[in-house]
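Scroll down for the structure; my scribbles are underneath it.
Here the structure is a predicted model, which is why all the values come from computation and not from measurement. Both backbone and side-chain heavy atoms feed into the values below; hydrogens, waters and symmetry mates do not.
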Amino acid sequence: MLKRVIWMSTLLCVAVLSTAPAYANPTLRVIASFSVMQDLVKRVAGDAVSVNVIVPAEEDVHRWELTPPNVLALEETDIVFYNGLGLEPWMHHVEAMSGDRLTLVEVAAQADFAPMTVSTGLHKGEPDPHMWMDPQGAAAYIDVIAEVLAEHLPEQADAFYARAEEAQKALAIIDQAVKERLDGIPQTNRTLVTSEAGFGYFARAYAFQALGIWGVNHETQGSALAMAKMSERLAEKRPLALFYESTTPPIHMDALSRETSLPLAGPLYVDALSNADGPAANYSAMLRHNAEVLHTALGGATAE
């Protein structure tokens, strides 16, 4: 009840503020739903576009709740780039307040990239939203972003497409670098166990088997049944290590680590980048960091 009162009060505040005089601003104003999307949009946008974010770095995009600053920022925004496919359950609030003024772009649904399905949990069999975890998926996002920005600022279209091409070249380079770093991990060691089953696309791209206790972070986490099932699988597979993610409390993975006597490594970054002074401050750094953590924990070959 309290949350509903706060939400309605926020909307009332926005309605009052929106009656203030508007001042001309030539900049196209964009908001990305979470930090990974923001980084990809910035690669294409350049100085002609102001790029803000709803869910900041280090925060879980699945479990976010809109804040008053979010609502005020949306009131001054032209385009919202969001992942979709259920990643952001709170997007229905944005849709409710958007009307005809906001352009909402569900990037994953528009991307020309083969979707996988969630492997476990309440959403098993539904499209897996974590497409960006494969650099080719991120490259498909770049195409969507460039098309939308070019449509809204046609005089800047050539610049958007040129930056998109450069971004995709950079993604191909990081893709190859990650493959080379992970090549040293023996095939028998390529089991990637995390709390959320968010590494399906990464596992497909780099020849791992990905296992998660639950499907996506906004469902019930770490139920007794899910923990028991994972414990049984770990008794059979005995991977070299377990991994925890940056936006999920490590309590469940730590419990499994102690129960199975398997080491726990991390953090891996999936649903958020790190802050600017962290190891995953942008998309490429995120992939490099994850590859390094996996290489170290899963017995990657060392240089002679």
Side-chain angles (χ1 to χ4, degrees), residues 30-46 49 51-62 80-85 87-88 105-108 110-113 116 128-149 160-182 192 194 196 198-206 208 210 243 245-247 266-295:
V30 167
I31 283 185
S33 61
F34 70 122
S35 54
V36 176
M37 185 70 71
Q38 181 188 32
D39 185 63
L40 296 178
V41 173
K42 281 184 171 181
R43 289 169 179 246
V44 180
V49 180
V51 184
N52 206 334
V53 68
I54 294 175
V55 184
E58 301 282 1
E59 298 290 343
D60 186 355
V61 63
H62 298 282
V80 178
F81 287 102
Y82 70 106
N83 191 83
L85 301 185
L87 183 82
E88 308 101 334
V105 183
E106 187 177 5
V107 178
Q110 296 185 29
D112 184 16
F113 187 72
M116 300 181 69
D128 184 342
H130 301 87
M131 288 183 180
W132 68 88
M133 290 304 293
D134 181 337
Q136 293 186 30
Y141 282 21
I142 292 288
D143 281 334
V144 175
I145 293 164
E147 289 286 345
V148 172
L149 292 179
F160 292 142
Y161 290 130
R163 282 191 288 267
E165 184 176 356
E166 287 302 311
Q168 288 171 335
K169 289 178 181 177
L171 290 173
I173 291 172
I174 189 63
D175 184 23
Q176 184 60 35
V178 170
K179 285 179 179 175
E180 290 175 359
R181 189 56 174 157
L182 296 175
L192 175 51
T194 54
E196 181 192 25
F199 276 85
Y201 293 98
F202 184 95
R204 183 175 67 180
Y206 301 115
F208 283 79
F243 299 90
E245 302 101 298
S246 67
T247 56
L268 297 178
Y269 287 81
V270 184
D271 293 329
L273 300 177
S274 70
N275 290 321
D277 58 352
N282 57 57
Y283 179 80
S284 296
M286 177 185 77
L287 288 185
R288 287 185 184 276
H289 168 81
N290 287 350
E292 195 62 37
V293 171
L294 294 174
H295 182 273

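For the pair T247/Y269, no side-chain contact is recorded, criterion being any heavy-atom separation below 4.5 Å from C-beta on. Taking 4.5 Å as the limit, every side-chain heavy atom of Y82 sits out of range of all side-chain heavy atoms of I54. L182 is listed as a side-chain neighbour of F208, based on a closest heavy-atom distance under 4.5 Å. Put simply, the side chain of M131 reaches to within 4.5 Å of the side chain of L85, judged on heavy atoms. Counting heavy atoms from C-beta on, the side chains of F160 and V49 come closer than 4.5 Å. At least one side-chain heavy atom of L192 sits under 4.5 Å from a side-chain heavy atom of F202. Between L87 and M37 the shortest side-chain heavy-atom distance does not fall below 4.5 Å. Contact of the V55 side chain with the D60 side chain is not registered, since no non-hydrogen atoms from C-beta on lie closer than 4.5 Å.
Donor-acceptor pairing under 3.5 Å is lacking for the side chains of Y141 and Q110. Residues E88 and H62 bring no donor and acceptor atom of their side chains to less than 3.5 Å of each other. H130 and D271 share a side-chain donor-acceptor pair at under 3.5 Å. A donor-acceptor pair shorter than 3.5 Å can be found between the side chains of D175 and Y206.
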Could you walk me through whether E147 and Y161 pass the side-chain hydrogen bond (donor to acceptor under 3.5 Å, both in side chains) check?
CA-CA 8 Å; E147 289 286 345; Y161 290 130; 3.2 Å; yes

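Of the possible donor and acceptor atoms, one in the side chain of H289 sits under 3.5 Å from a partner among the backbone N and O of P267.
Taking all atoms of both residues into account, the shortest heavy-atom contact from N282 to D39 is CB-OD1, 3.5 Å. Among all heavy-atom pairs drawn from S246 and A272, the shortest one is OG-O, 4.3 Å. Scanning all heavy atoms of the two residues, the minimum distance from S33 to N83 falls at OG-N, 3.7 Å. The two residues L40 and A138 come nearest to each other via the heavy atoms CD1-CB, 4.3 Å. Nearest heavy atom pair, residue M286 against residue V36, reads SD-CG2, 4.3 Å.
We find that E166 and R163 are not joined by a salt bridge, their nearest charged nitrogen and carboxylate oxygen being 4.0 Å or further apart.
Annotation for R204: atom CZ counts as buried by contact number, over 12 foreign heavy atoms lying within 6.0 Å. Around CD of Q168, the count of heavy atoms belonging to other residues, nucleotides or ligands within 6.0 Å exceeds 12.
Checked against the 6.0 Å centroid criterion, the rings of F113 and W132 do not qualify as a close aromatic pair.
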